[in-house]
Amino acid sequence: MTHKKGFTTTILHSDRLGKPEHGALHKPIHTSVTFGYDDVQDLVDIFQNKKKGYAYSRQGSPTASALETKITAMENGMATITFSTGMAAITSTILALIKKGDHIVASSYLFGNTRSVFQSFIDLGLDFTFVDATSIDEVKKAVQPNTRLLFVETIANPATQIADLEKIGDLCAEKGIIYMVDNTMTSPYLFNPKKVKASLVMNSLTKYIGGHGNALGGSVTDTGLFNWENYPNIFPGFKTQVKPEVFGITQIRKKGLRDAGGTLSPEAAHSISVGSETLALRLERACNNAFALATFFEGHPMIKKVFYPGLESHPQHKLASRLFLKYGGLMSIELDESVDCFEFLNKLKLVVKSSNLGDTRTLAIPVAHTIFNELGREKRAEMGISESMIRLSIGIEDLDDLLHDFKVALG
């Protein structure tokens with residue numbers, strides 16, 4: 001009987017099984033920009049997608065490839081491409097696969113920078129419709145005959161709305177629409193988007209997968225579920241070079257990564273790869289801390305509202321319980337009108353005032369004044385973001401220390 005290795009075991013031994021030289025347990029950092037070949041035909045075959053290899057590191061390096069192998073295994077996918085940031089991954093994918101005249105449906109509850117770049121695409125002539133992705137009926141109403149891609153996040157940042165992931169997946173499969181799921185807030189450890197028929201899975205590697213706040217990165221994984229053979233936007237030249245099942249991932253690498261240039265550096269790829277080995281351990285601790293803190297906040301008189309899928313009061317609690325292994329390390333709190341959010345934040349001594357997510361340390365930021373400031377008060381209100389909302393990314397500190405810090409700050 002074949003034994004299927006667990007999540008952490010698979011990640012830990014991924015590099016070693018690739019047999020790096022000298023018996024190294026990690027893939028080394030290959031900093032070379034160029035790669036030379038004794039036979040020029042080998043170089044030509046790599047350029048023409050007839051052979052795997054490296055020609056110029058803007059479209060990939062051996063160090064990035066080792067990380068891509070790990071992420072593909074995490075997501076139970078077919079292939080992965082890494083990028084310099086999560087935003088580069090999203091932007092490059094849209095540039096590679098969408099043309100003028102196409103339509104995209106996206107969740108209204110998107111990360112601020114994702115919403116910003118989508119607005120830039122709108123300004124350039126692409127057609128977007130933003131919908132309440134927690135409602136399949138609203139999503140269905142938005143789909144048009146020219147809808148090519150549907151984009152959602154697993155858990156929205158910062159108000160933690162959860163898209164109706166299963167039913168949206170069924171709809172996309174029925175209509176032949178690319179279903180792109182941003183898995184950053186859950187990570188491959190808590191959720192596998194392939195189970196809800198995702199076509200492409202995006203991760204900001206900067207967050208939980210890297211996990212230590214020391215390297216930027218992003219990735220897109222092709223799950224192998226989408227039928228690219230009939231997708232109208234595939235570059236004709238690729239159709240004569242590669243098999244239909246890799247049309248999509250090839251076009252994202254060539255027209256997205258290569259042409260847009262959002263390349264992940266070998267140094268960052270190595271840091272993220274090493275950090276990913278403890279993903280499950282870190283998330284177990286962070287999720288347990290987050291659940292305990294959410295419970296504490298929900299009972300505190302100075303907290304008006306808590307946004308966390310693990311609470312029974314959350315609108316999509318049952319959906320989160322069914323889909324996710326745990327409820328994640330992200331939450332937001334809305335302070336009582338009597339509490340000044342800046343004063344509260346400044347009283348926190350252990351919690352770091354910072355804009356990142358998925359770090360080993362607990363981070364806090366006033367949402368309306370920073371990451372969603374550009375949207376304006378009206379759009380923030382539409383997304384469920386109050387002026388006193390504070391987003392928290394819960395880390396792996398000792399729970400008693402976190403509770404003490406928040407108790408003192410709340411008074």
Side-chain angles (χ1 to χ4, degrees), residues 2 4-7 10-11 14 17-18 49-52 59-60 64-83 86 89-90 92-98 104 147-154 163 165-184 186-205 209 218-235 238-258 264 276 323 325:
T2 303
K4 182 175 173 58
K5 294 182 176 64
F7 185 90
T10 300
I11 300 171
S14 177
L17 294 176
N49 301 307
K50 295 175 182 177
K51 181 183 291 186
K52 290 184 177 181
Q59 55 186 309
S65 292
L67 175 59
E68 290 166 358
T69 297
K70 285 186 176 182
I71 296 166
T72 300
M74 291 183 206
E75 292 288 8
N76 191 27
M78 181 188 69
T80 296
I81 301 173
T82 51
F83 296 85
I90 294 171
S92 298
T93 300
I94 302 298
L95 284 172
L97 297 178
I98 303 300
I104 294 174
T147 301
R148 299 290 182 209
L149 186 143
L150 202 153
F151 186 97
V152 299
E153 298 167 345
T154 52
L165 296 163
E166 294 168 308
K167 291 179 182 177
I168 295 174
D170 290 338
L171 176 66
C172 289
E174 176 191 339
K175 300 288 187 180
I177 298 169
I178 298 169
Y179 185 23
M180 187 169 180
V181 177
D182 184 336
N183 199 26
T184 299
T186 33
S187 87
Y189 177 63
L190 299 184
F191 179 59
N192 178 13
K194 186 174 182 178
K195 291 182 178 179
V196 296
K197 303 179 182 177
S199 313
L200 300 172
V201 182
M202 176 268 169
N203 282 283
S204 172
L205 305 178
I209 291 178
S219 67
V220 172
T221 300
D222 188 329
T223 64
L225 296 182
F226 189 77
N227 180 9
W228 295 102
E229 190 167 10
N230 298 320
Y231 188 66
N233 294 352
I234 298 300
F235 178 64
F238 297 152
K239 294 182 178 181
T240 63
Q241 297 177 349
V242 296
K243 296 178 181 179
E245 56 264 31
V246 295
F247 281 172
I249 202 73
T250 300
Q251 186 146 315
I252 295 169
R253 185 176 291 279
K254 299 293 184 179
K255 297 294 186 180
L257 176 62
R258 182 196 65 190
L264 181 66
S276 73
L323 293 179
L325 182 63

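When a residue number appears, it is its place in the shown sequence, counting from 1. All figures in this text were calculated on a predicted structure; none of them were measured in a lab.
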Candidate pair Met202 and Thr93, rule side chain to side chain contact (heavy atoms under 4.5 Å, CB included), full reasoning: CA-CA 10 Å; Met202 176 268 169; Thr93 300; over 6 Å; no

Chi angles and distances behind the side chain to side chain contact (heavy atoms under 4.5 Å, CB included) call for Ile252, Leu200: CA-CA 11 Å; Ile252 295 169; Leu200 300 172; 4.2 Å; yes

So Ser92 and Phe83, side chain to side chain contact (heavy atoms under 4.5 Å, CB included) or not? Walk me through it. CA-CA 9 Å; Ser92 298; Phe83 296 85; 3.5 Å; yes

Step by step, would you call Ile178 with Phe226 a side chain to side chain contact (heavy atoms under 4.5 Å, CB included)? CA-CA 7 Å; Ile178 298 169; Phe226 189 77; 3.6 Å; yes

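We find that Arg253 and Glu68 are joined by a salt bridge, their nearest charged nitrogen and carboxylate oxygen being less than 4.0 Å apart.
For an aromatic pair to be called close, the ring centres must be under 6.0 Å apart, and Phe7 with Tyr189 satisfies this.
Checking side-chain atoms of Thr223 against main-chain N and O of Ser199 turns up a donor-acceptor pair under 3.5 Å. Within the 3.5 Å criterion, the main-chain N or O of Thr80 finds a donor-acceptor partner in the side chain of Thr72. Between the side chain of Asp222 and the backbone N or O of Gly224, at least one donor-acceptor pair lies under 3.5 Å.
Leu97 CG to Phe235 CZ: the interatomic distance, rounded to the nearest 0.5 Å, is 14.0 Å. Atom CD1 of Ile104 sits about 9.5 Å away from atom CG of Leu150, to the nearest 0.5 Å. Interatomic distance, OG of Ser187 versus CD of Glu75, reported as 8.0 Å (0.5 Å rounding). Rounding to the nearest 0.5 Å gives a distance of 5.5 Å between CZ of Phe238 and NZ of Lys255. One distance of note links CZ of Phe151 with CD1 of Ile94; it measures 7.0 Å at 0.5 Å rounding.
Counted by atom type alone, Lys254 and Gln59 present one or more donor-acceptor pairs between their side chains at under 3.5 Å. Ser204 and Thr184 share no donor-acceptor pair across their side chains, judged by distance under 3.5 Å alone.
Taking every heavy atom of both residues into account, Gly248 and Ile234 meet most closely at N-CD1, 4.3 Å. The heavy-atom pair separating Ile71 from Thr82 by the smallest distance is CD1-CG2, 4.1 Å. Between Ala73 and Thr10 the shortest heavy-atom distance is CB-CG2, 4.0 Å. Of all heavy-atom pairs between Gly218 and Leu205, the closest is O-CD1, 3.5 Å. Nearest heavy atom pair, residue Val246 against residue Thr250, reads O-OG1, 2.6 Å. In this structure, Asn233 and Gln251 approach most closely via the heavy-atom pair O-NE2, 2.8 Å.
Legend: residues meeting side chain to side chain donor-acceptor pair (under 3.5 Å) with Glu153, ordered by chain and number and at least two apart, are absent. Not counting sequence neighbours, Tyr179 has no partner by the side chain to side chain donor-acceptor pair (under 3.5 Å) test.
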Show which side-chain atoms of residues 166-174 pair as donor or acceptor with protein atoms under 3.5 Å away, not counting sequence neighbours.
{"from": "Glu166", "atom 1": "OE1", "to": "Arg322", "atom 2": "NE", "distance (Å)": "3.4"}
{"from": "Glu166", "atom 1": "OE1", "to": "Arg322", "atom 2": "NH2", "distance (Å)": "2.6"}
{"from": "Asp170", "atom 1": "OD1", "to": "Lys197", "atom 2": "NZ", "distance (Å)": "2.8"}

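Atom NZ of Lys50 has 12 or fewer heavy atoms from other residues, nucleotides or ligands within 6.0 Å.
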